[in-house]
Amino acid sequence: MSTIIIILSLLIVFIFFLYKNKAFYLMKKNVKEKEKIEDSLKYLYDCEYNQRPCTIKSLSKKLSISFIETTQLINKLVELGLVTEKSDELFLTAEGRQNALQIIRIHRLLEKYFAENTSIVESRWHKLAEIKEHQLNVEEANQIASNLGNPLIDPHGDPIPSVDGTILLENTIKLTELNEGLTAEIIHIEDEPEEIFSLINSLKLYPGMQLKVKSIDKENVLIEIEGRIISLKKDVADNINVKEIKNEILIKNFNRTLSSLKAGESAIVVGLSKALRGQQRRRLLDLGIVPGTKIKAVLESIGKDPVAYEVRGTLIALRKNQSDYIFIQ
Amino acid sequence: MEKELKQRELLLEVANKLRWKIGENVHDLILESIYKHAEEIASAVTKRKVGVQKFDFDSFIDRIVTNKWTGFPIMFLLLAIVFWLTIVGANYPSSALSFLLVDTIHPLLRKVAEYFYFPWWLKGILIDGAYLSMAWVISVMLPPMAIFFPLFTFLEDFGYLPRVAFNMDAIYKKVGAHGKQALTMSMGFGCNAAGVIAARIIDSPRERLIAIITNNFSLCNGRWPTQILISTIFIGSLVPSYLAGLISAGVVVGVAILGVLFSLIVSWFLSRTLLKGEPSAFSLELPPYRPPKILQILYTSLIDRTLLVLWRAVVFAFPAGAVIWLVANVNINNLSIAEHFIRWINPSAVFIGLNGVIILAYIIAIPANEIVIPTILMLTVLTTKLTGFGAGAGVMFELENISDIEYLLKAGGWTTLTGINLMLFSLLHNPCSTTIFTIYKETKSFKWTAIATFLPIVLGILVCFLVTRLWYILF
């Protein structure tokens, strides 16, 4: 009998520590009115940005709360001077927009933080930021921003509003609008719906990468990106925004990866892919793996991964999942 | 004044606008240009020796130690030599220290206490409890560490250890960990607390946590003697005497390898559940080989590692020793607390193939694995009421003669199954208090400390339970 009690209590202690945060979150879930206000401001901004009408009905659907509750919420927002109502349609006031931008700023800063300073999986950034954005105040957000070196865009390529609420709006086109044979840079990847976003993630496509459209037909877009040829369904490609590169000097020669270098061969580094982010990227740059550096494959480990490279007089072992994203000539 | 302020604001506004124009790549670009510039200057003012002989020597060794055929044998051979030197070499200073601290000073202190008319309980708590456990920890812990750490640091300083990480990385990559975990794991064979500290060499937090949590699966110095003793008594006796030594040593190595397997499995499990995430920055510098600096090795290994760990162990051993004495001497209804607890826990302990004495010993001997066997012996005498062994209730003791220990344990109801399960439980139980404290110091998190503490116990109970069920089915 006591065996079972002991094992159970050990398990309970164990489980408690695993799910501590979630348990507390569930307890607090229903008390936060602030979250609802912030979420509705964000939604209104989203509507405004995408030039879609926003009504109490669509808002109640988005927040998944009842129509009556939504109406009360809107009354409160109108009272606070953040929202105006004109013939059933909802609009942000200037102050409301400022507030919305502050929350978006925190959200995007958090995503940037997760990307740069943690090893949280990409598909969780957005969801986690949705929760945490309500817990930070402006000062804390500024602190994060300055620790990250005041970043301009989040890992999905969305611009991060500045403290005073200005936001850069870049003119981009959808990948599907690009003609055959043109080269473009990925500017933005839409993070919703989740399935498409994680598909794009798994293909290792990131803002800042250059791609060339090989062919385009009714269903698929065939692109060449950093030496890889990838076929994308149109509905996936629609979630990728790009900007054409017109100046040929700016086109990077990212064709041959460092991982293709055999032991004993040397090459010159031409650049690092945008797939290498945060700590990984900084570490490689710190080691002096920058464009123009001579690099030589010296030793292969027993399983052929990692490989030791000679860079600037030192031997450094890199795994294949890194050398795949370092480009050489 | 007002004009200046206005100008500053204008300037900031321009700067803010320009920030958008410069874009994201500015950090990369600055770094690139710094390197380019530095290289230009360096190549303009320095000359390189044409003879590259030194590097050839390095790559010659590298080719041997990372070779498909010679790499792993060399690694196992070197580790085996280190362990052999540690275990054999530690015997002599250990018995000398034990003679001094346990056999000489301990009776002396008792006499002093009697001379000053200490009440019996104060004498018990202070001298038979706290002092004795501290003395024990020092005499069994210090010599192996003082041998193991310098040897290990020697290999590190020479430049060999990074090559081990290089060889082993493929395996660790598969379980979502860092190749350097091979090093912290080997360090754990010396001492888990030192292994946990050594995890600092892993710079990405996720992989570092995995290395810290799984370090306890390395069979540490404190547990080798237990394994060897139990294996000799219970496994060695199963085979003909000319094979006994070999088989029992083989079983101990088997347990250590089982520990390595557990560390890999748990790493795999952690990197897919609790510590899910991308493999973060990996880079492993393979420094050139160099003649080790002996003095520096001695300093870092003895001061930074040995003394630090020993100090933490002593700090915990002191109160734990008092507790050990108290549970054996405080009586409720004519039965000591220890016996009450043992009777209460015994049915469930037997259910998983252990016994109450073992469970209590592992709880109260938390400061160091080294005092588990003395505690078990003391508790066995206490519960079986055997006479002629030890020096009274609550006083830990060790026996010179293995057959005496065998007699005592078998009188305590031990079977071969108990022996096997004790070996498994010794591998899979909570880290010692020194290691737990070190894990907290390194992670600054109660959550991870708790997980590192309880995860092995849960595993240990599970494994012992399964082995016991299997045993009853088979025999």
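Chain identifiers are assigned alphabetically (A, B, ...) following the order of the sequence lines, protein sequences preceding nucleic acid strands; residue numbering begins at 1 within each chain. Not measured: the values here are computed from a predicted model.
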Quiz item: Quick one: does B:R163's side chain get under 4.5 Å of A:L299's, heavy atoms only?
Solution: no
Exercise. For each of A:G288, A:G292, A:G208, A:S162, tally heavy-atom pairs with chain B at distances under 4.5 Å, and name the one with the top tally.
Key: A:G288
Self-check item: A:K320 atom NZ, neighbour heavy-atom count above 12 within 6.0 Å
Solution: no
Practice problem: Pick one of side chain, backbone, both or neither for A:L276, based on which atoms fall under 4.5 Å of a heavy atom in chain B. | Solution: neither
Quiz item: Hey, is CZ on B:F269 packed in by over 12 heavy atoms from elsewhere, all under 6.0 Å?
Solution: no
Exercise. Test side chain to side chain contact (heavy atoms under 4.5 Å, CB included) on A:L315 and B:D62 and set out the steps.
Key: CA-CA 11 Å; A:L315 261 190; B:D62 270 343; 3.6 Å; yes
Self-check item: B:R343 atom CZ, over 12 foreign heavy atoms within 6.0 Å
Solution: no
Quiz prompt | Spatial distance of atom OG (A:S301) from atom NZ (B:K68) [nearest 0.5 Å] | solution = 11.0 Å
Quiz item: Is it the side chain or the backbone of A:I289 that comes within 4.5 Å of chain B heavy atoms, both, or neither?
Solution: neither
Quiz prompt | Under 4.5 Å from a heavy atom of chain B, the part of A:R282 involved | solution = neither
Self-check item: Test log, rule side chain to side chain contact (heavy atoms under 4.5 Å, CB included), inputs A:T293 and B:E39
Solution: CA-CA 9 Å; A:T293 308; B:E39 198 156 49; 5.6 Å; no
Quiz item: Mind checking whether A:D305 and B:K173 have side chains closer than 4.5 Å, heavy atoms only?
Solution: yes
Quiz item: Near B:E40 CD, under 6.0 Å, is it more than 12 heavy atoms from other residues, nucleotides or ligands?
Solution: yes
Self-check item: Exceeds 12 heavy-atom contacts within 6.0 angstrom, atom OH of A:Y113
Solution: no
Quiz item: Should we say atom CZ of B:R272 is surrounded by more than 12 heavy atoms from elsewhere, each under 6.0 Å from it?
Solution: yes
Practice problem: With a 4.5 angstrom heavy-atom cut-off, could you sort out which part of A:R312 is near chain B: side chain, backbone, both or neither? | Solution: side chain
Self-check item: Nearest-0.5 Å distance that lies between atom CD in A:Q322 and atom OG in B:S283
Solution: 7.0 Å
Quiz item: Rounded to the nearest 0.5 Å, how far apart are CG of A:L272 and CD of B:E32?
Solution: 8.0 Å
Exercise. Mind listing the closest non-hydrogen atom pair of A:R319 and B:H178 along with its distance?
Key: NH2-CA, 3.7 Å
Exercise. Check for a donor-acceptor pair, side chain of B:Y35 on one end and backbone N or O of A:D286 on the other, with a separation under 3.5 Å.
Key: yes
Quiz prompt | chain B contact via A:K274 - which portion, at a heavy-atom distance below 4.5 Å | solution = side chain
Quiz item: Going from CG on B:N67 to CD on A:E300, what distance comes out if it is rounded to the nearest 0.5 angstrom?
Solution: 12.0 Å
Exercise. Mind listing the closest non-hydrogen atom pair of B:A170 and A:P306 along with its distance?
Key: N-CD, 4.5 Å
Quiz item: Roughly how far, to the nearest 0.5 Å, is the CG atom of B:L286 from the OG1 atom of A:T314?
Solution: 9.5 Å
Quiz item: What distance separates A:I302 CD1 from B:I171 CD1, expressed to the nearest 0.5 Å?
Solution: 8.5 Å
